[in-house]
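Quick notes on the structure that follows.
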Amino acid sequence: MSDNNYTFENEEYKKAYRHTTSHILAQAVKRLYPDARLAIGPAIADGFYYDFDTAETFTPETLDALEAEMKKIIKEKLSLERFELPREDAIQLMTEREEPYKVELIRDLPEDAVISFYKQGEFVDLCAGPHLDNTGRVKANAMKLTSCTGAYWRGDANKKMLQRIYGTCFMKKDELDEYLARIEEAKRRDHRKLGRELELFALYDEGPGFPFFFPKGMVIRNELESYWRELHQECGYQEIKTPIILNEELWHRSGHWDHYKENMYFTKIDGEDYAVKPMNCPGGMLAYKRRMWSYKDLPMRVGELGLVHRHELSGALHGLMRVRAFTQDDAHIFMTEEHAHDEILGVIQKIDRIYKLFGFEYHMELSTCPEDFIGDDKVREYSERILKDVLDKNGKEYVLNPGDGAFYGPKIDFHLVDAIGRTWQCGTIQLDFQMPERFDLEYTGADGAKHRPIMLHTAAYGSIERFIGILTEHFAGAFPLWLAPVQAIVLPITDRSRDYAETVAARLKDAGFRVETDFRSEKIGYKIREAQMQKIPYMLVLGDKEAETGMVTVRTRAGGDQGAVSLNVFIDSLKQEKKTRVY
RNA sequence: GCUGGUAUAGCUCAGUUGGUAGAGCAGCGCAUUCGUAAUGCGCAGGUCGUCAGUUCGAGUCUGACUACCAGCUCCA
């Protein structure tokens with residue numbers, strides 16, 4: 001690499017830099033724990049990791065010792081030398097060095113693969129590279145081991161659990177500090193913490209994975225649902241509600257039982273087998289079948305805010321982000337193949353509108369059908385091409401994600417980027433030729449004959465619960481006016497202003513706002529502090545001056561004291577802000 | 001589910017080598033009527049996650065279970 005490549009702007013260099021640091025980690029582990037067996041240790045998005053098989057378990061104290069050893073290795077300025085070996089010699093070398101995992105990796109390499117090693121001092125590792133030329137190039141003070149945890153060999157839950165050490169490294173200490181600050185910021189925004197502090201929602205031991213929503217959290221939920229209804233009505237959707245429990249036979253018909261029974265909850269009613277729905281679509285199919293439809297009724301757009309239950313593994317649960325009961329903002333479109341292009345594009349535009357409203361950037365991923373796709377190859381190829389064409393013909397950029405689609409079809413996923421740069425998969429558009437077939441859906445064509453519609457399964461929020469979790473972290477609890485559980489709080493300075501404060505609060509309430517008052521005999525600074533911590537968008541500080549003039553002194557949570565305005569002007573501007581849903 | 005860790009008041013945390021619990025904030029009461037992020041004083045609040053065990057004695061030691069945390073796996 002030439003000198004001007006020595007920067008993290010160059011992705012290749014960054015990878016080589018971090019990969020080299022992971023080798024330094026492995027070398028340090030081998031020095032301190034000679035019996036440790038090496039598995040793999042790649043560079044990843046935020047740094048690197050290395051997996052080891054050791055007798056003793058690593059602890060944070062171990063990490064400190066390893067970090068010190070790594071710094072020594074950096075100081076030793078060991079040069080990295082690459083060499084290649086024929087397969088048998090490579091296996092022999094790794095066998096001699098007692099590295100069974102490396103031997104397994106070599107045996108699994110393709111016949112014609114070049115087998116290369118990197119050597120630094122006494123340390124040798126099987127590795128394709130590339131690497132830096134010297135361990136001294138790694139900045140010792142811009143490197144940190146962040147955590148240690150278990151990880152399965154080759155990512156397989158049936159294989160042995162190894163010990164993984166995560167670390168990160170940069171070219172400058174400032175960059176490391178900035179990274180660590182970002183981690184701290186994420187902790188500060190943790191929706192589990194904010195959810196409790198702002199009294200939005202919580203999870204209790206009594207219902208792992210089953211969230212409680214408190215009055216203030218319900219305000220946010222209801223506002224999100226109102227907006228969803230408003231938008232879907234405008235986009236020509238009808239709304240339905242289908243049952244949470246349906247008989248087991250339905251789930252055999254849909255294919256969910258075959259593909260998903262481990263994650264479903266079952267129950268018995270009058271001796272018959274029933275299942276709690278993990279998805280809304282089968283219910284949607286039955287709703288479609290209530291009567292015969294004409295081709296003139298298509299495309300038929302149907303939405304459902306449906307509560308689904310999925311048995312997630314206990315270790316996978318995480319606040320509102322991963323729960324066992326959640327509400328999907330499902331929207332199904334029944335249509336003909338001629339409709340497909342415009343309908344898919346319409347949904348893309350709809351989802352775009354929703355994300356923009358919250359200030360999310362996003363990117364799309366096209367996921368093709370998985371191995372266990374239930375349709376034939378012709379449909380697989382055809383449906384994937386339809387999605388691809390919509391994206392290509394409309395100049396949409398996307399990432400290809402092979403084999404990650406649903407068992408009934410390919411999909412376009414929306415990955416949004418939040419205020420501190422994390423990505424979340426939320427929206428989805430799934431093209432499905434299978435369910436209409438399985439449920440024998442029909443419509444009468446212009447030719448008078450019966451035809452089979454196709455369908456789209458779509459969601460924008462994905463899960464309302466999870467979306468609220470994401471929004472909480474995105475806004476750090478400071479929700480835009482239209483979502484804020486309390487939109488304004490009236491803070492009289494003394495009891496003399498109590499009547500005026502009550503009048504102001506009543507006026508705001510009449511204008512449709514969620515208002516609170518704080519009449520406690522506390523100093524104004526105390527009341528303001530509390531309102532700030534509750535992240536209430538507007539505080540109205542009212543004293544003798546305001547009562548005399550009929551004005552209100554406005555304080556915003558972000559901008560502090562805004563001075564006095566007339567109550568009417570304030571209410572008008574608030575109405576505008578609420579209506580436009582700006583943030 | 002797997003690996004490791006954690007569990008003390010509503011919240012955040014102290015609690016020495018085992019000798020039967022403590023602070024701040026929040027809550028309640030009283031005083032204070034104050035102009036943009038914490039007024040003072042007082043009161044109340046915990047069978048120390050649950051169940052066993054060791055011990056004269058367990059918040060402290062052991063085991064099982066539950067939940068949570070960090071990852072892994074999974075997320076149709």
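Quantities reported herein were computed from a predicted structural model and do not represent experimental measurements. Here is the naming used below: chain letters follow the sequence lines, and residue numbers restart at 1 for every chain.
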Provide the distance between the two [atom1] atoms, one in [N] and one in [M], to the nearest whole Å.
N     : M     : atom1 : answer
B:A23 : B:C2  : C1'   : 39 Å
B:U60 : B:U6  : C1'   : 16 Å
B:U55 : B:G29 : C1'   : 45 Å
B:C48 : B:U20 : C1'   : 12 Å
B:G18 : B:C56 : C1'   : 12 Å
B:A58 : B:U54 : P     : 11 Å
B:G40 : B:G49 : P     : 33 Å
B:C51 : B:C11 : C1'   : 28 Å

Find the distance [X]:[atom1] to [N]:[atom2] and express it as a whole number of Å.
X      : N     : atom1 : atom2 : result
A:F373 : B:A76 : CZ    : C1'   : 13 Å
A:D518 : B:U39 : CG    : C1'   : 15 Å
A:M321 : B:C74 : CE    : C1'   : 18 Å
A:W153 : B:U73 : CH2   : C1'   : 16 Å
A:R438 : B:A76 : CZ    : C1'   : 12 Å
A:K545 : B:U36 : NZ    : P     : 9 Å
A:R520 : B:A37 : CZ    : P     : 16 Å
A:Q163 : B:U3  : CD    : P     : 12 Å

Relative to each other, are the rings of A:F334 and A:Y288 parallel, tilted or perpendicular (30° and 60° limits)?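 Because their plane-to-plane angle lies in the 30° to 60° range, the rings of A:F334 and A:Y288 count as tilted.
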Parallel, tilted or perpendicular for A:H318 and A:H191, by the 30°/60° rule? tilted
Do the charged groups of [X] and [Y] touch, with an N to O distance under 4.0 Å?
X      : Y      : answer
A:E184 : A:K187 : yes
A:K30  : A:E99  : yes
A:K527 : A:E530 : no
A:D156 : A:K159 : yes

With sugar-phosphate meaning primed atoms plus P, OP1 and OP2, does [X] contact a base, only sugar-phosphate, or nothing at under 4.0 Å between heavy atoms?
X      : value
A:I493 : base
A:R322 : base
A:H318 : sugar-phosphate
A:S147 : nothing
A:P278 : base
A:A316 : base
A:E262 : nothing
A:R466 : nothing
A:E522 : base
A:G543 : base
A:N263 : nothing
A:F58  : nothing
A:R192 : sugar-phosphate
A:Y152 : base

Does [X] have a side-chain nitrogen or oxygen under 4.0 Å from the phosphate oxygens OP1 or OP2 of [N]?
X      : N     : result
A:R196 : B:U12 : yes
A:Y166 : B:C72 : yes
A:S314 : B:G1  : yes
A:Y526 : B:A26 : yes

Under the 3.5 Å rule, do the base of B:U33 and the side chain of A:D495 count as making a donor-acceptor pair? yes
Using only heavy-atom distances, decide whether a donor-acceptor pair under 3.5 angstrom links the side-chain of A:E546 to the base of B:G35.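 Side chain to base: pair present.
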How long is the span from the OG atom in A:S383 to the OH atom in A:Y408, to the nearest 0.5 Å?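 Nearest 0.5 Å value for the OG-OH distance: 12.5 Å.
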I need the A:L508 CG to A:Q487 CD distance, nearest 0.5 Å.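 Between A:L508 CG and A:Q487 CD, I get 9.5 Å after rounding to 0.5 Å.
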Watson-Crick or G-U wobble partner of [N], both distances under 3.5 Å:
N     : result
B:U3  : B:A70
B:U16 : none
B:A9  : none
B:A52 : B:U62
B:U32 : none
B:G27 : B:C43

Distance-only donor-acceptor check, side chains A:T242 and A:K277, under 3.5 Å: yes
Starting the side chain at C-beta, find the nucleotide from [options] nearest to [X].
X      : options             : value
A:L313 : B:G1, B:A31, B:A76  : B:G1
A:I528 : B:C72, B:U39, B:A37 : B:A37
A:Y408 : B:C68, B:U33, B:A76 : B:A76
A:R529 : B:A38, B:C72, B:U33 : B:A38
A:M161 : B:U33, B:C2, B:C68  : B:C2
A:R496 : B:C34, B:A76, B:G71 : B:C34
A:T149 : B:A67, B:U3, B:U33  : B:U3
A:Q532 : B:A37, B:U32, B:G35 : B:A37

Could you check A:K411 against A:L542 and say which one's nearest nucleotide on RNA chain B is further toward the 5' end? A:L542
Select from A:T553 and A:E197 the residue whose nearest nucleotide in RNA chain B is closer to the 5' end of that strand. A:E197
Between A:D53, A:D51, A:T54, which is the residue that forms a side chain to side chain donor-acceptor pair (under 3.5 Å) with A:Q163? A:T54
Ring-on-base stacking between A:Y260 and B:A76, under 5.5 Å between centres and under 30° between planes: is it there?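 Yes, A:Y260 stacks on the base of B:A76.
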